[in-house]
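Accompanying notes for the structure given below.
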Amino acid sequence: MIGIFDSGVGGLSVFREIYKLLPDQEYVFYADSANCPYGDKSAAQIQERCSEITEFLLKKGAQIIVVACNTATAAAISYLREKYSSVKFIGMEPAVKPAALGTKSGVIGVLATAGTLKGSKYLKTKGEWEDNVKIVEHVGRGFVELVESGELTGPKAEEVVKASLQPLLDEGADTIVLGCTHYPFLRQTISKIAGEGVKVIDPAGAVARHLIYVMVQERLLSEVEATEALARIAGENLMPAAKPKVELISSGDGTVLEKTFENLI
Ligand code: DGL
């Protein structure tokens with residue numbers, strides 16, 4: 001069983017990509033919506049929540065855990081790996097590398113939470129690419145709240161998104177990295193404001209592929225199953241027709257999670 005968690009419903013954008021490749025697996029998804037957002041919380045607070053959620057997922061039978069949250073990864077993944085040394089954790093990081101390799105204007109924009117942007121992992125990656133490209137960043141102010149309330153399009157969503165995205169576009173960014181798992185739910189609005197010439201990058205697909213690799217290493221997936229999973233990328237990579245075997249759990253209002261999930265599948 002694969003355990004996945006996020007500060008809220010955003011992690012479903014990662015579940016979606018994993019499920020497309022591994023439709024026969026069993027999943028337990030935990031949304032910590034009662035404590036969302038994590039973006040402005042201290043590392044200690046996030047570590048405490050992540051620890052509690054990890055224990056909950058392990059009790060549920062999770063054999064591997066996907067931290068489907070950039071902010072939680074930045075604040076807590078090292079802590080979790082040390083505390084639960086026998087458990088494999090897969091984390092998230094803003095996709096600076098593919099953005100830097102693909103930009104034509106030489107400017108990439110990163111949208112993420114304050115916690116992610118000050119995380120040492122992100123700062124290290126940024127430092128490695130800064131000689132080649134200009135990296136501009138902005139906190140997606142109010143984005144998480146929009147997604148948690150299900151307001152993904154329309155005038156209010158556009159106003160909120162524009163306030164954080166426009167400064168990056170004004171700097172010349174032709175590639176926008178979605179550094180928070182909530183943000184892909186706003187992709188339509190982001191693309192509308194950014195315009196056709198701007199590429200939007202979501203790392204969820206890469207995380208799904210990395211999960212397969214680690215599952216093979218951990219003998220949670222056979223080579224044959226992994227080959228089949230990766231072949232789905234080469235195919236249409238569409239949502240599987242079968243209903244997913246997933247238990248959805250929220251620490252807050254579960255109706256938002258259910259609704260977001262229904263729209264996903
Ligand atoms: N989904 C989380 C992330 O990927 C952040 C949302 C929050 O601030 O709680 O960073």
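Start at 1 and go down the list; that is how both ligands and their atoms are numbered.
For ligand 1 and Asp6, the ligand atoms under 4.0 Å from any heavy atom of the residue are 1 (N), 2 (C). Which parts of ligand 1 touch Gly39 is read off a 4.0 Å heavy-atom cut-off, strictly below it: atoms 7 (C), 8 (O), 9 (O). For ligand 1, the atoms closer than 4.0 angstrom to any heavy atom of Asn70 are 3 (C), 4 (O), 10 (O). Proximity to Cys180 (heavy-atom distance under 4.0 Å) selects the following atoms of ligand 1: 1 (N), 2 (C), 3 (C), 4 (O), 5 (C), 6 (C), 10 (O).
Only side-chain heavy atoms of Val144 come within less than 4.0 Å of ligand 1; its backbone N, CA, C and O stay farther off.
Taking a cutoff of 4.0 Å between a charged side-chain nitrogen and a carboxylate oxygen, Lys124 and Glu128 qualify as a salt bridge. Between Lys20 and Glu17, at least one side-chain nitrogen of the basic residue sits less than 4.0 Å from a carboxylate oxygen of the acidic one, meeting the salt-bridge criterion. Taking the charged nitrogens against the carboxylate oxygens, Lys162 and Glu159 have no contact shorter than 4.0 Å, which rules out a salt bridge.
Here the two rings, on Phe15 and Tyr27, have centers that are under 6.0 Å apart.
Below 3.5 Å of separation, one finds no N or O of Thr113 facing any N or O of ligand 1. Between Pro37 and ligand 1, not a single N/O pair is under 3.5 Å apart.
Given atom 10 (O) of ligand 1, the protein heavy atom at minimum distance is Thr71 OG1, 2.6 Å. Ranking the protein heavy atoms by distance from atom 7 (C) of ligand 1 puts Tyr38 N, 3.2 Å first. The nearest heavy-atom contact from the protein to atom 6 (C) of ligand 1 is Ser7 OG, 3.3 Å.
No side-chain donor from either of Thr116 and Asn70 sits under 3.5 Å from a side-chain acceptor of the other.
Ligand 1 has at least one atom lying under 4.0 Å from a heavy atom of Cys69. Using a non-hydrogen distance threshold of 4.0 Å, Gly10 does not register as a contact of ligand 1.
The side-chain tip of Arg16 points at the ring of Phe185 from less than 6.0 angstrom away and within 45° of straight on.
Taking OH of Tyr79 as the start and CZ of Phe89 as the end, the distance is 10.5 Å to the nearest 0.5 Å.
Listed here is the closest heavy atom pair of His182 and Asp6: CE1-OD2, 3.1 Å.
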